[in-house]
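Scope of the values below: all heavy atoms of this structure, side chains included, with no hydrogens, waters or symmetry mates. Whatever order the structure lists them in is the order used to number ligands and atoms, beginning at 1.
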Amino acid sequence: MTSPHEISEMIEPLPHVAIIMDGNGRWAKSQGLSRPEGHLAGVDAIKRIVKAAVTRNLPILTLFAFSSENRLRPKTEVNFLFNLMHRYFDENLKELAEEGINIKIIGETDELPNATLKLIDHVQNATRDNDKMILQIAFNYGSHEEIVYAAKSIAADVSENKLSPSDITKETFEAHLRTAGLPNPDLIIRTSGEYRLSNFMLWQAAYAELYFTDVYWPDFNERELDLALKEYATRERRFGRISEDTISEDKQDKGFISKFSLKKATK
Ligand code: FPP
């Protein structure tokens, strides 16, 4: 078995890992339990994985806890998930802060209840000076909303003459996203055997490595995280370029291209 230390040594630089935590409901069903019990088991998995991420020295862990679209679930389940987030921080904030974790909560805040807004402020303020790891929680988050929010705030800057349209760049846009200031995820993991992003970090995922596992979120553990990290370590990230090995074959390519062009030119 590979130790957490060996895992950290294996990957340079260590990735920003984002997780779409899926399958609480199906896990509960498979155990003959209710959906809320599935979410409770999901919180246990969160605690496990946050600890594992710290042990492996991950710089950033992002968790997709509640999507904009999850609000369309029955009210009882939505309320339960909100209460669960409150309880998670009531019970764990002290320990998270002591471990040096800096918590950021991103998502649409307009329609959140006052108590949740207060909680978000409190959690972020209590951990803002920590630098061991960033735990970014996407709560009431959806990429479409985020992209519209960024477009509106850029438009506002333009109408107030703070920004000229010709100066808008990729960086300007990123600076107006809800994730502003943090690098994009390097590795996005989705549990429960579903193969989609479900409106999660659509802009930020442009060059993320994607990893899918059939394991339901409540069963996701250190071993599963290590499997994902080991797989990530084997991926060659080219960002649209070609690999170093291929560059060394450049001479042969140039030879072919020069003959090819000659033929075309003499036709
Ligand atoms: C997906 O399972 C999971 C969720 C919608 C919520 C994840 C939230 C938690 C684990 C706990 C609450 C958050 C915090 C920050 C403590 P699902 O219900 O979609 O499962 P299914 O697809 O099998 O029905």
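Side-chain N/O atoms of D186 and H16 include no donor and acceptor closer than 3.5 Å. A donor atom on one side chain and an acceptor atom on the other are found under 3.5 Å apart for R190 and S198. For Y211 and R235, the side-chain atoms include no donor-acceptor pair closer than 3.5 Å.
In summary, the atoms of ligand 1 found under 4.0 Å from a heavy atom of G42, numbered by their order in the structure, are 10 (C). The atoms of ligand 1 that sit less than 4.0 Å from any heavy atom of D22 are 1 (C), 2 (O), 17 (P), 19 (O), 20 (O), 22 (O). The contact set between ligand 1 and R26, taken as ligand atoms under 4.0 Å from a residue heavy atom, comprises 21 (P), 22 (O), 23 (O). Counting the atoms of ligand 1 from 1 in the order shown, those under 4.0 Å from a heavy atom of G25 are 17 (P), 18 (O), 20 (O), 21 (P), 23 (O), 24 (O). Each of the following atoms of ligand 1 lies closer than 4.0 Å to a heavy atom of H39: 18 (O).
For the side chain to side chain donor-acceptor pair (under 3.5 Å) test with Q204, the passing option among T179, T62, N184 is T179; the others fail.
Between the CG atom in L63 and the OH atom in Y141 there is a gap of 13.5 Å [rounded to 0.5 Å].
R35 NH1, 3.0 Å is the protein heavy atom nearest to atom 24 (O) of ligand 1. Atom 14 (C) of ligand 1 has as its closest protein heavy atom I46 CD1, 3.9 Å. Shortest contact from atom 2 (O) of ligand 1 to any protein heavy atom: N24 N, 3.2 Å. Taking atom 5 (C) of ligand 1 as the reference point, the nearest protein heavy-atom neighbour is N70 OD1, 3.6 Å. Summary of contacts: the protein heavy atom closest to atom 11 (C) of ligand 1 is V43 CG2, 3.7 Å. With hydrogens left out, the protein atom closest to atom 1 (C) of ligand 1 is M21 O, 3.2 Å, a heavy atom. Shortest contact from atom 8 (C) of ligand 1 to any protein heavy atom: A65 O, 3.4 Å.
Heavy atoms of R73 approach ligand 1 to within less than 4.0 angstrom. Contact analysis leaves K29 out of contact with ligand 1, as no non-hydrogen atom separation drops below 4.0 angstrom.
The pair R178-E145 meets the salt-bridge criterion, since a charged nitrogen lies less than 4.0 angstrom from a carboxylate oxygen. Between E95 and K51 there is a salt bridge, since at least one side-chain N of the basic residue sits less than 4.0 Å from a carboxylate O of the acidic one. A salt bridge is absent between K132 and E99; no separation between the charged side-chain nitrogens and carboxylate oxygens falls under 4.0 Å.
Note: F64 and F200 have parallel aromatic rings, judged against thresholds of 30 and 60 degrees for the angle between ring planes. Using a 30° and 60° split on the angle between ring planes, F173 and W203 fall in the parallel class, below 30°.
Checking only distances, Y88 never comes within under 3.5 Å of ligand 1, N or O to N or O.
Neither the backbone nor the side chain of L63 comes within contact range of ligand 1; no heavy atom lies under 4.0 Å.
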